[in-house]
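Reading through the structure tokens given below for one structure.
In this text the structure is predicted, and so the values were computed from the model without any measurement.
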Amino acid sequence: MTVQDQRPIILTGDRPTGQLHLGHFVGSLRSRVGLQDSHHQHILLADAQALTDNADNFEKVRHNILEVATDYLAVGIDPTKTTICVQSHLSALNELTMLYLNFVTVARLERNPTIKSEIQMRGFERDIPAGFLCYPVAQAADITAFKATVVPVGEDQIPMIEQTNELVRRLNRQIGHDLFPECKALLSGTGRLIGFDGKAKMSKSLGNTIVLNATDKDIKKAVNSMYTDPNHLRIEDPGQVEGNVVFTYLDAFDPNKEEVEELKAHYRRGGLGDGTVKKRLEGVLKELIAPIRERRNELSKDPDYIMDILQEGTKKSQIITQATLDEVKNGLGMFKF
Ligand code: TRP
């Protein structure tokens, strides 16, 4: 076996419902770029999953596949190291999902805390699309089809990992040997990035995002509107760092942690104005985003190149997922010609 073959397998994914933003960058993109050498990394453009709550908007989901793929490449995900694939073109995943649904109860599906809160957020009440309720099982199919052991996700996805591992244990028991490894979530450590309005997590629907191709003007505007400490009226007043969005962002993005700590101490003591801290953050974000924006603009000129990458990644993934489906059907003792 070569060294390469021993690298742990990663499967991760995004619902292509909009362009990616700085929340995705700190939450997952940054670590994916770092993981692609030490792991076999597969990234799924989860368009089928996105449809579970966008059945009236196929156009949006289709359009955003290319947008999100462009974001991946722009931040430095390297298609020679990471396989990028389109979920709806991996039909083995659907077959696995159908099989797995026999090993989970409706009560268990309804108990998933992420599903529960998403149902509330989307106002589904009793009109829950069946596909939506079942998407954690489809996600278990995604993860197991690639035999992934590492799944880099945000905290909200932990219940999906738990449900996947329950299914893994159940299937292995049914099959009679450990066909599937259990997987673990890999959290980014930064947690969810708050939106620049300071009110809630960064999210497109709330209009508080900074996208990965934001212009310098967009960045300036977002930073200037950031919430600081409302009691920090004069520069010489002592200020509060906790809950101060500008410092939250400096913690997430400023590479010089030591200087950020010094700034915090100075702000707490008094004598440091909001304007100075905001100027620093503006500089940090501009420096981070400028090369991503440039690469993104270049890539956007050549959609065929991105299509080729997706097609190639999807082809490779079709082979992997089909092989797993064959193993599962065999293992479960299904009919063979
Ligand atoms: N549910 C994930 C999200 O909303 C996206 C996703 C789909 C995913 N399939 C996956 C994540 C498999 C990790 C592994 O962000």
Side-chain angles (χ1 to χ4, degrees), residues 14-31 50 53-54 57 60 64 67-68 71 75 113-125 132 153-160 187-234 237-254 260 263-264 267-268 272-286 288-289 292-293:
D14 296 290
R15 297 175 179 206
T17 52
Q19 242 183 282
L20 302 183
H21 50 63
L22 284 183
H24 298 107
F25 186 81
V26 289
S28 59
L29 295 176
R30 195 161 53 180
S31 60
D53 64 336
N54 282 286
N57 214 340
K60 175 174 90 179
N64 279 303
E67 292 293 319
V68 174
D71 285 329
V75 297
T114 300
I115 291 288
K116 269 198 202 162
S117 68
E118 286 182 326
I119 286 173
Q120 232 178 17
M121 227 166 63
R122 289 167 175 72
F124 283 148
E125 292 171 24
F132 186 83
V153 280
E155 263 176 55
D156 62 314
Q157 295 292 305
I158 290 176
M160 307 303 165
L187 299 173
S188 73
T190 322
R192 281 259 164 161
L193 185 69
I194 196 160
F196 70 74
D197 60 356
K199 286 194 190 119
K201 65 164 192 173
M202 190 173 266
S203 133
K204 187 168 187 257
S205 52
L206 298 170
N208 61 5
T209 67
I210 300 174
V211 288
L212 295 177
N213 61 347
T215 61
D216 283 355
K217 217 172 124 197
D218 298 331
I219 295 168
K220 190 184 179 73
K221 203 169 146 209
V223 172
N224 281 340
S225 73
M226 275 181 189
Y227 180 89
T228 57
D229 172 2
N231 297 318
H232 185 240
L233 297 175
R234 284 164 309 181
D237 290 340
Q240 199 171 330
V241 165
E242 290 70 31
N244 185 319
V245 183
V246 186
F247 280 105
T248 308
Y249 273 59
L250 282 175
D251 275 336
F253 298 104
D254 195 321
V260 172
L263 279 178
K264 284 185 187 169
Y267 194 80
R268 288 195 177 103
L272 182 60
D274 283 345
T276 312
V277 196
K278 283 188 171 180
K279 262 266 147 311
R280 181 182 177 108
L281 177 61
E282 193 187 320
V284 166
L285 294 183
K286 278 182 180 168
L288 171 75
I289 288 183
I292 301 176
R293 184 181 57 229

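- Contact record, Asn208 with Ala200: ND2-O, 3.7 Å, taken as the closest heavy-atom pair.
- Every salt bridge (Lys or Arg N to Asp or Glu O under 4.0 Å) that Arg15 has, sequence neighbours left out, goes to Asp53.
- Partner of Gln19 under the side chain to side chain donor-acceptor pair (under 3.5 Å) criterion, chosen from Asn213, Asp71, Thr209: Asn213.
- With sequence neighbours left out, Asp218 forms a salt bridge (Lys or Arg N to Asp or Glu O under 4.0 Å) with no residue at all.
- Between Ile219 atom CD1 and Asn224 atom CG the span is 12.0 Å, to the nearest 0.5 Å.
- Of all the heavy atoms in Phe196 and Gly207, the pair that sits closest is CZ-O, 4.2 Å.
- In plain terms, the two heavy atoms of Ala214 and Ile289 that are nearest each other are O-CG2, 3.5 Å.
- Taken from CG in Leu29 to CG in Leu212, the straight-line distance is 6.5 Å, to the nearest 0.5 Å.
- In this view, Thr228 and Asn244, Val246, Tyr267, Asp274, Lys278 satisfy the side chain to side chain contact (heavy atoms under 4.5 Å, CB included) rule, not counting sequence neighbours.
- Taking both residues in full, the closest heavy atoms of Leu263 and Leu250 are given as CD1-CD1, 4.4 Å, listed atom of the first, atom of the second, then distance.
- The shortest side-chain heavy-atom distance between Arg30 and Val75 does not fall under the 4.5 Å cut-off.
- Residues passing the side chain to side chain donor-acceptor pair (under 3.5 Å) test with Ser203, sequence neighbours excluded: Ser205.
- By the salt bridge (Lys or Arg N to Asp or Glu O under 4.0 Å) test, Glu67 is found to be paired with Arg296, residues two or more places apart in sequence or in another chain being considered.
- Here the closest non-hydrogen pair linking Gly154 and Leu187 is C-CD2, 3.9 Å.
- The backbone N or O of Asp254 sits nowhere less than 3.5 Å from a side-chain atom of Tyr249 that would complete a donor-acceptor pair.
- Residues passing the salt bridge (Lys or Arg N to Asp or Glu O under 4.0 Å) test with Lys279 are Glu282, sequence neighbours excluded.
- Residue pairs meeting the salt bridge (charged side-chain N to carboxylate O under 4.0 Å, His left out) criterion with at least one partner in residues 239-251, sequence neighbours excluded, are Glu242-Arg268, Asp251-Lys264.
- For Gln120, the side chain to side chain contact (heavy atoms under 4.5 Å, CB included) criterion is met by no residue, not counting sequence neighbours.
- Closest approach of Gly198 to Val245, counting heavy atoms only: CA-CG2, 3.5 Å.
- Proximity of a side-chain donor or acceptor of His232 to a complementary backbone N or O of Gln240 within less than 3.5 Å is not detected.
- Remark: Leu288 engages Leu22, Phe25, Phe253 in a side chain to side chain contact (heavy atoms under 4.5 Å, CB included) (not counting sequence neighbours).
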Item to complete: Would you please test Val277 and Leu272 for side-chain contact (heavy atoms from CB on, under 4.5 Å) and show each step?
Response: CA-CA 8 Å; Val277 196; Leu272 182 60; 3.9 Å; yes
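- Residues satisfying the side chain to side chain donor-acceptor pair (under 3.5 Å) criterion with Asp156, sequence neighbours excluded, are Arg192.
- By the side chain to side chain contact (heavy atoms under 4.5 Å, CB included) test, Thr114 pairs with Asn112, Glu118, Tyr135, Pro159, Met160, sequence neighbours left out.
- Applying the salt bridge (charged side-chain N to carboxylate O under 4.0 Å, His left out) rule to pairs touching residues 194-216 yields Asp216-Arg293, sequence neighbours excluded.
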